[in-house]
Amino acid sequence: MNYWLLKSEPHTFGIADLDSAPNQTTSWEGVRNYQARNFLRDDFRLGDQAFFYHSGIAAPAIVGIVEVIREGYPDATAFDPVSPYYDPASTPANPRWHRVDVRLVRHLRRAISLAELKRRAAMLEDFALLRRGSRLSVLPVSAAQWAFILALESAPSA
DNA sequence: GCCAACGTTGGC
DNA sequence: GCCAACGTTGGC
């Protein structure tokens, strides 16, 4: 069982969109970074859980939890010339990009902001999200980091 | 294989 | 809107 963090801009696809999606399920598509692709393609397993993180806003934060319900498979948006994620170098015979499917588990009872995570950085040794300049949209989370962040949910904001 | 130019991400 | 970080591209 692995843990992850998935970033999304709420203007594009936020947790509210996942709420209203059929079966509260979505394809995590459009990832166009090789390191993130490798995680999706090679390391995501059925039943893995991920934090749903809102980026690109005034107060970026972890807002929910999703579960992997389908392991990595080719991202067909790369084959579609009309898609914003189109990549002519990716073909059905030789797909370059992969996606997974995830389902909403639940919202967090309160958002855990990036600012709060930074204040707790000492307890989150080497948390990928806090590494200098980490812009990866798919990040691994250790079991210890996962448990620590979930415990924050029940603690007063600090 | 090096490296400068460029584009994107994402916090602030 | 700005800027730092950093991945990608392409000339050489």
Side-chain angles (χ1 to χ4, degrees), chain A residues 2-19 21 26-44 48-66 68 72-102 104-105 107-142 144-146 148-153 155-158:
Chain A
N2 303 311
Y3 298 102
W4 306 97
L5 182 144
L6 295 170
K7 292 184 189 174
S8 189
E9 299 193 12
H11 307 114
T12 305
F13 188 90
I15 199 163
D17 298 298
L18 193 50
D19 280 332
T26 192
S27 267
W28 208 263
E29 62 196 19
V31 171
R32 296 293 180 266
N33 169 283
Y34 287 105
Q35 200 179 343
R37 187 280 311 270
N38 292 346
F39 286 137
L40 294 176
R41 186 190 60 187
D42 304 333
D43 299 326
F44 271 57
D48 281 0
Q49 295 205 320
F51 287 129
F52 193 112
Y53 177 88
H54 281 168
S55 67
I57 52 176
I62 296 170
V63 294
I65 296 171
V66 299
V68 176
Y73 65 105
D75 181 353
T77 63
F79 311 144
D80 177 2
V82 176
S83 167
Y85 304 126
Y86 178 56
D87 179 359
S90 184
T91 65
N94 191 15
R96 172 174 295 188
W97 306 113
H98 287 68
R99 59 182 168 185
V100 300
D101 291 351
V102 298
L104 180 67
V105 173
H107 289 237
L108 294 192
R109 291 188 291 280
R110 67 179 186 89
I112 310 287
S113 70
L114 177 62
E116 178 172 358
L117 292 171
K118 284 183 170 176
R119 275 182 245 120
R120 307 280 198 172
M123 294 296 294
L124 286 165
E125 190 178 349
D126 207 27
F127 189 32
L129 184 68
L130 302 181
R131 265 179 228 149
R132 239 164 89 85
S134 173
R135 295 168 308 141
L136 263 190
S137 62
V138 178
L139 297 168
V141 178
S142 75
Q145 290 159 353
W146 182 270
F148 179 78
I149 292 167
L150 275 188
L152 290 181
E153 184 189 14
S157 161

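Just so it is clear, the values below take in all heavy atoms, side chains as well, and ignore hydrogens, waters and symmetry mates. Throughout, protein chains are lettered first and strands after them, A, B, ... in sequence-line order, and every chain is numbered starting at 1. Predicted model, so just to flag it, every value in this text is computed and none were measured.
Atom pair A:Arg135:CZ and B:dC12:P shows a separation of 15 Å (rounding to whole Å applied). When the P atom of C:dA5 is taken as reference, atom CG of A:Asn33 falls 18 Å away, rounded to whole Å. A:Ile57 has its CD1 atom 12 Å from the P atom of B:dG10, to the nearest Å. In this structure, CG of A:Leu5 is placed 13 Å from C1' of B:dG10, rounded to the nearest angstrom. The interatomic distance linking A:Arg96 (CZ) with C:dG7 (P) rounds to 17 Å, in whole Å. In this entry the distance linking NE2 of A:His54 with P of B:dT9 reads 17 Å, nearest Å. Distance, A:Arg32 CZ to C:dT8 P: 13 Å, rounded to whole Å. Summarising the geometry, the separation between CG on A:Leu136 and C1' on C:dT8 is reported as 14 Å, rounded to the nearest angstrom.
Results of the side chain to side chain contact (heavy atoms under 4.5 Å, CB included) test with A:Val31 over A:Leu136, A:Leu40, A:Asp75 single out A:Leu40 as the only residue that passes. Between A:Pro60 and the options A:Leu129, A:Leu114, A:Leu117, a side chain to side chain contact (heavy atoms under 4.5 Å, CB included) holds for only A:Leu114. The only member of A:Tyr3, A:Trp28, A:Trp4 that meets ring pair (Phe, Tyr, Trp, His ring centres under 6.0 Å) when paired with A:Phe39 is A:Trp4.
Comparing atom distances between the A:Ser137 side chain and each of B:dC12, B:dG10, C:dT8 picks out B:dG10 as nearest.
Counting heavy atoms of neighbouring residues, nucleotides and ligands inside a 6.0 Å radius, atom CD of A:Glu153 exceeds 12 of them.
A close approach under 4.0 Å does occur between a side-chain nitrogen or oxygen of A:Lys7 and OP1 or OP2 of B:dG10. Of the side-chain N and O atoms in A:Tyr53, one or more sit less than 4.0 angstrom from OP1 or OP2 of B:dG11.
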